[in-house]
Number of protein chains: 2
Amino acid sequence: MKQETRQEEIIRVAAQLFKEKGYSAVTMRDLATAMNIKAASLYNHINSKQDILESIIISIAEKFTVGMTSVLASDATCIEKLKEIIALHVEISSQNIYGMAALNHDWMHLEAQLNHYKKLRSDYENDFKTILIEGVNSGEIIDIKPDVMMFSILTTLRSLYLWIPKKEDVNLKELTNNLNEILIKGVVK
Amino acid sequence: MKQETRQEEIIRVAAQLFKEKGYSAVTMRDLATAMNIKAASLYNHINSKQDILESIIISIAEKFTVGMTSVLASDATCIEKLKEIIALHVEISSQNIYGMAALNHDWMHLEAQLNHYKKLRSDYENDFKTILIEGVNSGEIIDIKPDVMMFSILTTLRSLYLWIPKKEDVNLKELTNNLNEILIKGVVK
DNA sequence: CAAACAAACTAACAAGTGTTAGTTTGTTAG
DNA sequence: CTAACAAACTAACACTTGTTAGTTTGTTTG
């Protein structure tokens with residue numbers, strides 16, 4: 001277990017605060033209080049409030065990009081690729097609960113990195129859609145607008161952070177299995 | 001078509017701004033600029049920034065409560081009740097796209113009405129879960145944790161505002177049908 | 001011991017915040 | 001015409017914001 005630097009600690013605590021109130025509503029004094037120091041002291045470790053947001057969001061967004069690249073590379077069936085994506089979201093969300101909140105709620109407050117983030121996101125969505133379209137063409141998947149399917153599945157996966165149990169891995173495996181059932185086969189018996 | 005009062009106009013424009021940047025990041029001067037007046041002039045029509053947020057969120061939350069009450073009253077099957085809930089979300093979301101953004105992102109910035117909102121939300125979720133549990137008991141619905149099913153379906157429905165087409169009603173009917181398929185029967189063929 | 005460093009501090013700033021007070025303007029009703 | 005009113009304005013307030021400058025404190029290293 002690598003020791004956390006003071007900077008990483010600040011970013012981690014900031015993400016927790018961002019989850020509760022959002023980036024804009026969290027002040028540097030709030031963050032300092034949570035760290036038990038004064039606001040000015042934060043600047044010994046970080047460059048700006050904006051930098052904190054960038055660190056949180058971009059690092060997670062890039063994890064998704066890496067994960068999607070590996071899903072695309074596999075020669076699994078479309079349904080299996082979907083399951084891999086579901087597992088990817090459960091994995092990343094469970095390990096970055098607070099960061100996922102910032103990614104979902106506060107990406108629009110990015111400045112220098114806004115376009116970078118947007119590109120990562122739209123590439124990800126395009127890859128996702130491509131997988132679905134292949135499934136439709138091969139007959140694996142129902143012939144409904146891929147946009148709607150992607151939206152439906154992806155918004156559920158993106159909201160996992162709101163809901164995921166911080167408990168043991170057992171529950172995460174079970175959650176993944178349940179999501180596989182629900183998102184792919186639906187809820188009807 | 002009832003004429004919109006100046007106050008309603010301010011609240012409508014505020015909701016649009018809130019959708020883009022969130023409640024905290026929108027200043028009264030931003031809102032005033034969007035209305036082509038000075039910030040102080042807003043206060044001839046509204047009491048406070050907080051009041052605007054309350055108007056937006058509570059009015060929509062209560063629409064959902066009313067809708068759920070009517071779903072519960074029907075003697076339809078569980079699957080049909082689910083479809084009614086889906087239709088309810090498409091209806092309310094399409095008519096309150098900006099307001100839904102505030103409801104989803106900024107409810108935590110409510111002050112006096114925070115507890116009221118939370119109660120409406122948890123009652124709604126309990127009613128939703130009750131419907132699912134009935135479906136599981138009657139064998140209509142797969143036997144997976146109702147919490148996970150509710151979470152999965154409800155987060156998709158709650159995010160509709162991000163995605164709904166502002167186009168014609170035809171598309172809304174089609175969207176509703178597609179969501180019925182995807183959320184209930186899944187995407188697999 | 002002395003030098004170096006990490007990490008805290010106090011004090012302050014310029015800009016921005018929601019909001020109030022009091023006033024002006026133009027339109028509507030008696 | 002005048003009284004009433006809706007709706008805008010200017011000016012200002014007390015407070016909060018992110019951030020900088022310069023300093024102090026305690027620990028680690030040569």
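Fair warning: this is a prediction, and the values are worked out from it, not measured in the lab.
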List the steps, then state whether side chain to side chain contact (heavy atoms under 4.5 Å, CB included) holds for B:L154 with B:H89. CA-CA 9 Å; B:L154 200 45; B:H89 277 262; 3.8 Å; yes
Side chains of A:T155 and B:T155: do they bring a donor and an acceptor to under 3.5 Å? no
Applying the Watson-Crick and G-U wobble criteria at under 3.5 Å, what pairs with C:dG30? Answer none if nothing qualifies. D:dC1
Any chance you could measure A:I85, atom CD1, to A:L157, atom CG, to the nearest 0.5 Å? 8.5 Å
C:dG16 phosphate, OP1 or OP2, under 4.0 Å from B:T27 side-chain N/O: no
D:dA7 P sits how many Å from B:E8 CD, rounded? 12 Å
Nearest whole Å is fine: how far is D:dC15 C1' from A:D30 CG? 15 Å
If you measure from the Lys or Arg side-chain nitrogens to the Asp or Glu carboxylate oxygens, is any gap between B:E181 and A:K145 under 4.0 Å? no
Measure the distance from CD1 on A:I37 to P on D:dT23 and round it to the nearest whole Å. 21 Å
B:A39 side chain: which of D:dT10, D:dA8, C:dT19 is closest? C:dT19
Can you tell me the distance, in whole Å, between the CD1 atom of A:I10 and the C1' atom of D:dT19? 14 Å
I'd like to know if B:R29 reaches the base of C:dG16 with its side chain such that a donor and an acceptor end up less than 3.5 angstrom apart. no
Position toward the 5' end of DNA chain D (nearest nucleotide), A:A25 or A:A40: A:A25
Of residues 42-57 of chain A, the positions that come close to DNA chain D - non-hydrogen atoms, cut-off under 4.0 Å: A:Y43, A:S48, A:K49
Determine, for A:E9 against A:R6, whether the closest basic-nitrogen to carboxylate-oxygen distance falls under 4.0 angstrom. yes
Flag side-chain contact, heavy atom, 4.5 Å: B:I46 against B:D51: no
Quickly work out the B:K38 NZ to C:dG18 C1' distance and round it to whole Å. 17 Å
Would you say A:K49 has more than 12 foreign heavy atoms packed within less than 6.0 Å of its NZ? yes
Rounded to whole Å, how long is the line connecting atom CD of A:E9 with atom C1' of C:dA8? 14 Å
Write down the distance between CD (A:Q7) and P (C:dA6), rounded to a whole number of angstrom. 13 Å
